[in-house]
Protein chains: 2
Amino acid sequence: MFKELDPLLHSQLRLGIMSLLLGLDSADFTFLKEKTDSTAGNLSVQLDKLSEAGYILVEKSFKGKKPLTTCRITKKGIRAFEDYVNSLKSYIK
Amino acid sequence: MFKELDPLLHSQLRLGIMSLLLGLDSADFTFLKEKTDSTAGNLSVQLDKLSEAGYILVEKSFKGKKPLTTCRITKKGIRAFEDYVNSLKSYIK
DNA sequence: ATATCAAGTTTATAACATAAACTAATTTAT
DNA sequence: ATAAATTAGTTTATGTTATAAACTTGATAT
């Protein structure tokens, strides 16, 4: 009847992050923070979760002297997102 | 960029309940429990929340000697569901 | 030198989802 | 008749989550 909704993706902020990353080669912390209109703390936590699940890759470097956190979606993340959207369809017709 | 996702509907079980009720005149507790494959406790709690929000109407009566809880979606619930689906689209393209 | 800002991280708190335990009445078996 | 099991739920407890608040670290401006 209804398919399971991956709890890692069934979260407004994490879904937004994944949605953004899906359409980009990569995105940095500040960009994601602005686009998702989230607080830095919340974003940090949710990026960790996505990263631990292997859905995204997080790379920490420096832009000049400022820290720069760059994220990109993984193959696994893309598959998970697609599965999620597919499962959603069982709910929304 | 991304639209807010009504937290009342952004829940697997509540979304399932609403999805079912949207296509039916009404449905009773047992039917919803089976179709959503949920426990009675969880279903009871989530029906209360939807009811308190005015998204559904819950009517308690008896079928013979057994209690019968009948649910139906309200206008407000239909609108909320439609809004939710619409907002979702900002995430899943 | 100190105050402020940028880019985060860590910790604390409040809300949520879920399961487990319980209630009340009914039917079935002994 | 009484005990056991079933039905149809509700209430309470517990573990997760999301989020905000507080903190860190280094850089820049005053």
Please state whether the phosphate of C:dG8, meaning OP1 or OP2, lies under 4.0 angstrom from any side-chain nitrogen or oxygen of A:Thr69. yes
Respond yes when some side-chain nitrogen or oxygen of A:Lys63 is under 4.0 Å from OP1 or OP2 of C:dA6, and no when none is. no
Verify, without hydrogens or angle tests, whether [X] (side chain) and [Y] (backbone) share a donor-acceptor contact under 3.5 angstrom.
X       : Y       : value
A:Gln12 : B:Leu5  : yes
B:Ser51 : B:Val58 : no
B:Ser11 : B:Leu8  : no
B:Ser19 : A:Tyr91 : yes
A:Thr74 : A:Tyr55 : yes

Nearest-0.5 Å distance that lies between atom [atom1] in [X] and atom [atom2] in [Y]:
X       : Y       : atom1 : atom2 : result
A:Leu68 : A:Lys60 : CG    : NZ    : 10.0 Å
A:Leu15 : B:Leu88 : CG    : CG    : 7.0 Å
A:Arg14 : A:Leu50 : CZ    : CG    : 6.0 Å

Taking five pairs at each end, how big is the angle between the two axes of the helix from C:dA1-D:dT30 to C:dT30-D:dA1, to 10°? 20°
Using atom types as modelled, flag every donor-acceptor pair under 3.5 Å from a side chain in residues 20-30 of chain B to any protein atom, sequence neighbours excluded.
{"unit_1": "B:Asp25", "atom_1": "OD2", "unit_2": "B:Arg72", "atom_2": "NH1", "d": "3.4"}
{"unit_1": "B:Asp28", "atom_1": "OD1", "unit_2": "B:Thr30", "atom_2": "N", "d": "3.3"}
{"unit_1": "B:Asp28", "atom_1": "OD1", "unit_2": "B:Phe31", "atom_2": "N", "d": "3.0"}

Sub-4.0 Å heavy-atom contacts from residues 26-36 of chain B onto DNA chain D, ordered by number: B:Phe29, B:Thr30
Walk along nucleotides 16-28 of chain C from 5' to 3' and tag each nucleotide B, S or - by protein heavy-atom contact under 4.0 Å, base first, then sugar-phosphate. SSBSB-----S--
Starting at atom [atom1] of [X], determine the distance to atom [atom2] of [N], rounded to an integer number of angstrom.
X       : N      : atom1 : atom2 : answer
A:Glu59 : C:dG8  : CD    : P     : 12 Å
B:Leu5  : D:dA18 : CG    : P     : 13 Å
B:Leu43 : D:dT11 : CG    : P     : 14 Å
B:Leu47 : D:dT11 : CG    : P     : 13 Å

Show me the donor-acceptor pairs within less than 3.5 Å that the side chains of residues 76-85 of chain A make with the rest of the protein, sequence neighbours left out.
{"unit_1": "A:Lys76", "atom_1": "NZ", "unit_2": "A:Ala53", "atom_2": "O", "d": "3.1"}
{"unit_1": "A:Tyr84", "atom_1": "OH", "unit_2": "A:His10", "atom_2": "ND1", "d": "2.8"}

Could you tabulate the donor-acceptor pairs under 3.5 Å formed by side-chain atoms of residues 34-41 of chain B, not counting sequence neighbours?
{"unit_1": "B:Thr36", "atom_1": "OG1", "unit_2": "B:Leu32", "atom_2": "O", "d": "2.6"}
{"unit_1": "B:Thr36", "atom_1": "OG1", "unit_2": "B:Ser38", "atom_2": "OG", "d": "2.9"}
{"unit_1": "B:Thr39", "atom_1": "OG1", "unit_2": "B:Asn42", "atom_2": "N", "d": "3.3"}

